[in-house]
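Everything below concerns the one structure shown next.
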Amino acid sequence: MLPQTNRLYLREMTQADFPALCRVLQDPLAMYAYEHAFSDQEVQQWLDQQLQRYAQDGFGLWAVLLRETGQIIGQCGLTWQDWNGRQVLEVGYLFQRTAWHQGYATEAALACRDYAFSVLGAKEVFAIIRDNNVASQAVAKRNGMQMVGRLTKHYYGMQLPHLVFSVRADNQKT
């Protein structure tokens with residue numbers, strides 16, 4: 001069973017979720033950490049990448065839905081990311097602006113973190129966050145993560161500084 005909370009449930013995305021993904025990935029304000037909103041083609045590539053991750057890894061970024069309405073409000077999940085030549089399990093999250101400041105990102109990320117520990121047997125979970133994304137850094141900290149390093153991602157010809165947070169299974173806080 002995929003992660004769920006009292007207010008949210010997560011499920012694998014399907015092609016039918018393309019319009020909901022566009023509401024997040026094509027919003028310039030929601031995508032400020034990426035320095036640009038996605039085109040239709042980029043949204044499709046993003047969705048295709050998640051579908052590939054589900055098939056290859058058994059997980060990826062999942063659709064986050066409100067239990068009350070069944071409405072998709074964003075995405076949250078687990079992906080493999082490179083950190084200094086090492087593959088680390090990252091919890092990532094992106095929500096539409098109407099869902100900001102309501103605790104959904106923290107709630108979903110905590111459920112994904114716990115899923116990584118209890119279901120996948122992970123020993124450590126990471127969050128790799130743009131240095132200017134204070135809200136996402138706060139989510140990581142609320143989920144018991146501490147900053148453990150830095151990296152620069154090369155994206156669309158830009159160098160984007162990121163902070164690396166992590167929490168170990170034997171040192172988690174809820």
Next on the checklist: Could you tell me if the side chain of Leu110 sits less than 4.5 Å from the side chain of Val139, heavy atoms only?
Outcome noted: no
Checklist entry - What distance do Thr106 atom OG1 and Tyr93 atom OH have between them, rounded to the nearest 0.5 Å? => result 7.5 Å
Let me have the donor-acceptor pairs involving side chains of residues 77-84, under 3.5 Å, with sequence neighbours excluded, atom names and distances please.
residue	atom	partner	partner atom	Å
Thr79	OG1	Gln81	NE2	2.9
Asp82	OD1	Gly85	N	3.3

Checklist outcome for this item: In short, Phe18 meets Val43 closest at the heavy-atom pair CE1-CG1, 3.4 Å
Checklist entry - Heavy-atom distance under 4.5 Å between the side chains of Phe165 and Phe126, does that happen here? => result no
Checklist entry - More than 12 foreign heavy atoms under 6.0 Å from NZ of Lys153: is that the case here? => result yes
Checklist entry - Of the non-hydrogen atoms in Ala122 and Ala169, which two are nearest, and what is the gap between them? => result O-CB, 3.7 Å
Checklist entry - By side-chain contact (heavy atoms from CB on, under 4.5 Å), which residues pair with Glu68, not counting sequence neighbours? => result none
Next on the checklist: I'd like to check the side-chain hydrogen bond (donor to acceptor under 3.5 Å, both in side chains) partners of Gln56; sequence neighbours left out, ordered by chain and number.
Outcome noted: none
Checklist outcome for this item: The salt bridge (Lys or Arg N to Asp or Glu O under 4.0 Å) partners of Glu124 (sequence neighbours excluded) come to Arg86, Arg168
Next on the checklist: Contact between Gln71 and Leu65 at the side-chain level, heavy atoms closer than 4.5 Å - yes or no?
Outcome noted: no
Item to check | Pairs satisfying salt bridge (Lys or Arg N to Asp or Glu O under 4.0 Å), at least one member in residues 125-137, at least two apart | outcome: Glu35-Arg130
Checklist outcome for this item: Residue set satisfying salt bridge (Lys or Arg N to Asp or Glu O under 4.0 Å) with Arg11, at least two apart, ordered chain then number -> Asp17
Item to check | Non-neighbouring partners of Tyr115 that pass ring-ring contact (aromatic ring centres under 6.0 Å, His included), sequence neighbours left out | outcome: Trp62
Checklist entry - Hey, does Leu2 have a side-chain heavy atom less than 4.5 Å from the side chain of Tyr9? => result no
Checklist entry - Between Gln75 and Leu25, is any pair of side-chain heavy atoms under 4.5 Å apart? => result yes
Checklist entry - Okay, side chain of Gln50, backbone of Gly60: is any donor-acceptor separation there less than 3.5 Å? => result no
Next on the checklist: Among residues at least two apart in sequence or on other chains, which ones pass salt bridge (Lys or Arg N to Asp or Glu O under 4.0 Å) with Arg67?
Outcome noted: none
Checklist outcome for this item: Looking only at heavy atoms, the pair that brings Met13 and Tyr54 closest together is N-OH, 3.0 Å
Checklist entry - Where the side chain of Asn143 meets the backbone of Met145, is there a donor-acceptor pair that is under 3.5 Å apart? => result no
Checklist entry - Do the non-hydrogen side-chain atoms of Cys76 and Val91 ever get within less than 4.5 Å of each other? => result yes
Item to check | Partner set under side-chain hydrogen bond (donor to acceptor under 3.5 Å, both in side chains) for Thr98, not counting sequence neighbours | outcome: Gln96
Item to check | Residue pairs involving residues 44-64 (criterion salt bridge (Lys or Arg N to Asp or Glu O under 4.0 Å); sequence neighbours excluded) | outcome: none
Checklist entry - Does CD belonging to Gln87 count more than 12 external heavy atoms closer than 6.0 Å? => result yes
Next on the checklist: Once side-chain hydrogen bond (donor to acceptor under 3.5 Å, both in side chains) is applied, do any residues pair with Thr5, and if so which ones, sequence neighbours excluded?
Outcome noted: Glu107
Next on the checklist: For a quick test of reading the model, state the closest non-hydrogen atom pair linking Ala140 to Ile129 and the distance between them.
Outcome noted: CB-CD1, 3.8 Å
Next on the checklist: Test your reading of the model: is there a side-chain donor-acceptor pair from Arg7 to the backbone of Leu66, 3.5 Å cut-off?
Outcome noted: no
Checklist entry - Can you name the side-chain contact (heavy atoms from CB on, under 4.5 Å) partners of His101, sequence neighbours left out? => result none
